[in-house]
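Ligands are counted one by one from 1 in listed order, and the atoms in each one are counted from 1 as well. Position 1 is the first residue of the sequence, and the numbers go up from there.
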Amino acid sequence: MSRPFRTPCLPAGDGGAGQIGRAAVRALHAELVLAPKPGLVSPLDNGSHADMDMATFLRSLSALRPYFRAIAAAGGDDAPFGDLAALGRDAERDMLAATGGVNTHRGAIFCIGLLAAASGLRRARGLRRSLGDIVRERWGRAILAAGEGAPPSHGSRVAARHGARGARGQAAAGFPILYRQVLPALTDGLAATGSADAAGVQALFTAMTYLEDTNLLHRGGPAGLSFVQGEAGRFLDRGGVLREDWRDQALALHRRCVARWLSPGGSADMLAAVWFLWSQGDRPDGIMAR
Ligand SMILES: CC(C)(COP(=O)(O)OP(=O)(O)OC[C@H]1O[C@@H](n2cnc3c(N)ncnc32)[C@H](O[C@H]2O[C@H](COP(=O)(O)OP(=O)(O)OP(=O)(O)O)[C@@H](O)[C@H]2O)[C@@H]1O)[C@@H](O)C(=O)NCCC(=O)NCCS
Ligand SMILES: Nc1ncnc2[nH]cnc12
């Protein structure tokens with residue numbers, strides 16, 4: 001039974017960093033509890049992960065609550081990227097302490113942290129720009145510059161090998177896939193089904209179709225990325241969540257991803273990010289009046 005349309009929405013009219021922080025955590029929680037999610041951790045099972053489960057993610061989310069409030073406040077103070085990055089590094093440490101060293105939310109700390117900072121800045125200045133545009137215009141150049149000296153990572157290694165631009169490239173460009181593909185998919189899914197679960201799956205499969213997910217490149221190379229993009233695209237072409245048997249179709253792909261040990265962690269972050277955009281009033285045709 002699909003959950004009725006109850007999205008992680010902010011109470012209208014409130015503008016504090018605390019509200020923004022709570023909306024970020026609610027969006028990450030909405031991602032976590034959705035199932036089925038090909039290759040990813042959910043209440044169904046641990047997907048393509050031997051080192052983390054629902055409890056790991058819940059401990060991580062609890063540890064990250066102060067961070068999302070703090071980075072929203074920093075954005076409201078028009079902080080430079082260096083200050084945001086310092087908050088993000090501290091949050092990564094808190095995450096690793098809470099998870100026993102497992103990377104649950106490193107990408108989410110970055111992309112949803114930046115969007116939360118943008119929301120703080122938008123409210124402080126009364127801006128009428130999308131959160132993605134604010135990220136690009138205010139911190140885009142610094143995001144790319146910071147990549148030059150960043151420590152090696154799975155993402156930087158696949159960037160060197162395959163030319164992928166990864167999380168940093170998406171953020172510096174203002175999250176184009178999130179706004180051009182994923183947010184319309186969520187919006188249309190909600191309108192067509194009235195179900196947050198169905199709309200979330202439609203948004204996730206849309207992200208999986210378009211995103212150059214460095215997690216997939218890291219684990220499965222170009223063949224792994226192409227497999228997931230192709231299968232997710234075929235799910236959408238066959239009608240997506242408008243098909244009666246969409247849950248069975250999504251579960252079948254989940255099992256095929258696990259068999260290949262593939263996990264689209266970047267797309268999971270895009271799902272959480274699109275719920276956060278929704279909660280902040282961003283829509284495909286502009287920003288909802290608050
Ligand atoms: C800019 C940073 C995010 C670092 O990015 P980089 O690409 O250099 O490093 P990675 O950590 O390898 O990848 C980034 C994570 O971002 C998600 N992601 C992947 N592709 C994309 C994309 N195209 N667009 C947006 N986001 C993307 C993804 O994160 C999620 O998956 C992780 C969990 O999955 P898992 O498979 O377990 O991942 P691993 O443990 O790495 O693999 P296994 O060992 O298990 O196989 C989890 O992080 C999710 O959030 C990518 O993993 C930023 O962190 C940075 O700049 N760091 C430097 C220090 C800093 O300045 N930090 C503060 C910045 S505010
Ligand atoms: N539910 C999830 N499972 C695996 N990796 C993730 N990264 C972000 N959310 C995730």
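- Note on Val258 and Met54: separate hydrophobic clusters, where clusters join Ile, Leu, Val, Met, Phe, Trp and Tyr whose side-chain heavy atoms are under 4.5 Å apart, directly or indirectly.
- In terms of N/O distances under 3.5 Å, ligand 1 is approached by Arg219.
- Contacts between Asn103 and ligand 1, counted as non-hydrogen atom pairs separated by less than 4.0 Å, involve both the backbone and the side chain.
- Taking any N or O of Glu31, backbone or side chain, at least one lies under 3.5 Å from an N or O belonging to ligand 2.
- Only the side chain of Leu211 comes within 4.0 Å of ligand 1, counting heavy atoms alone; its backbone N, CA, C and O stay farther away.
- Listed by atom number, the atoms of ligand 1 under 4.0 Å from Gly88 heavy atoms are 63 (C).
- Heavy-atom separations between His105 and ligand 2 are all 4.0 Å or longer.
- Against a heavy-atom cut-off of under 4.0 Å, His218 is close to the following atoms of ligand 1: 46 (O).
- For ligand 1 and Met270, the ligand atoms under 4.0 Å from any heavy atom of the residue are 25 (C).
- On a distance-only criterion, Asp51 and ligand 1 share no N/O pair closer than 3.5 Å.
- Heavy atoms from other residues, nucleotides or ligands lying under 6.0 Å from CZ of Phe81 number more than 12.
- Annotation for Arg255: atom CZ does not count as buried by contact number, only 12 or fewer foreign heavy atoms lying within 6.0 Å.
- Annotation for ligand 1: atoms under 4.0 Å from non-hydrogen atoms of Gln170 are 24 (N).
- Each of Ile20, Asp133, Ile134 was scored for a side chain to side chain contact (heavy atoms under 4.5 Å, CB included) with Arg122, with one residue passing: Ile134.
- Close N/O approach between Gly155 and ligand 1 is found [any backbone or side-chain N/O within under 3.5 Å].
- Residue Gly107 has at least one nitrogen or oxygen atom sitting less than 3.5 Å from a nitrogen or oxygen atom of ligand 1, judged on distance alone.
- Looking at Asn215 against ligand 2, nothing comes within 4.0 Å, counting heavy atoms.
- Ligand 2 has no atom lying under 4.0 Å from any heavy atom of Leu28.
- When the side chains of ILVMFWY residues are joined at heavy-atom separations under 4.5 Å, either directly or via intervening members, Leu211 and Leu236 end up in a single hydrophobic cluster.
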*Passes ring pair (Phe, Tyr, Trp, His ring centres under 6.0 Å), Phe57 versus His105? Steps please.*
CA-CA 8 Å; Phe57 274 88; His105 287 114; 5.1 Å; yes

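- Of all atoms in ligand 1, listed by their number and element, those nearer than 4.0 Å to a heavy atom of Ala108 are 50 (O).
- Checking only distances, Leu40 never comes within under 3.5 Å of ligand 2, N or O to N or O.
- Sorted by first and then second residue, the salt bridge (charged side-chain N to carboxylate O under 4.0 Å, His left out) pairs involving residues 32-55 (not counting sequence neighbours) are Glu31-Lys37.
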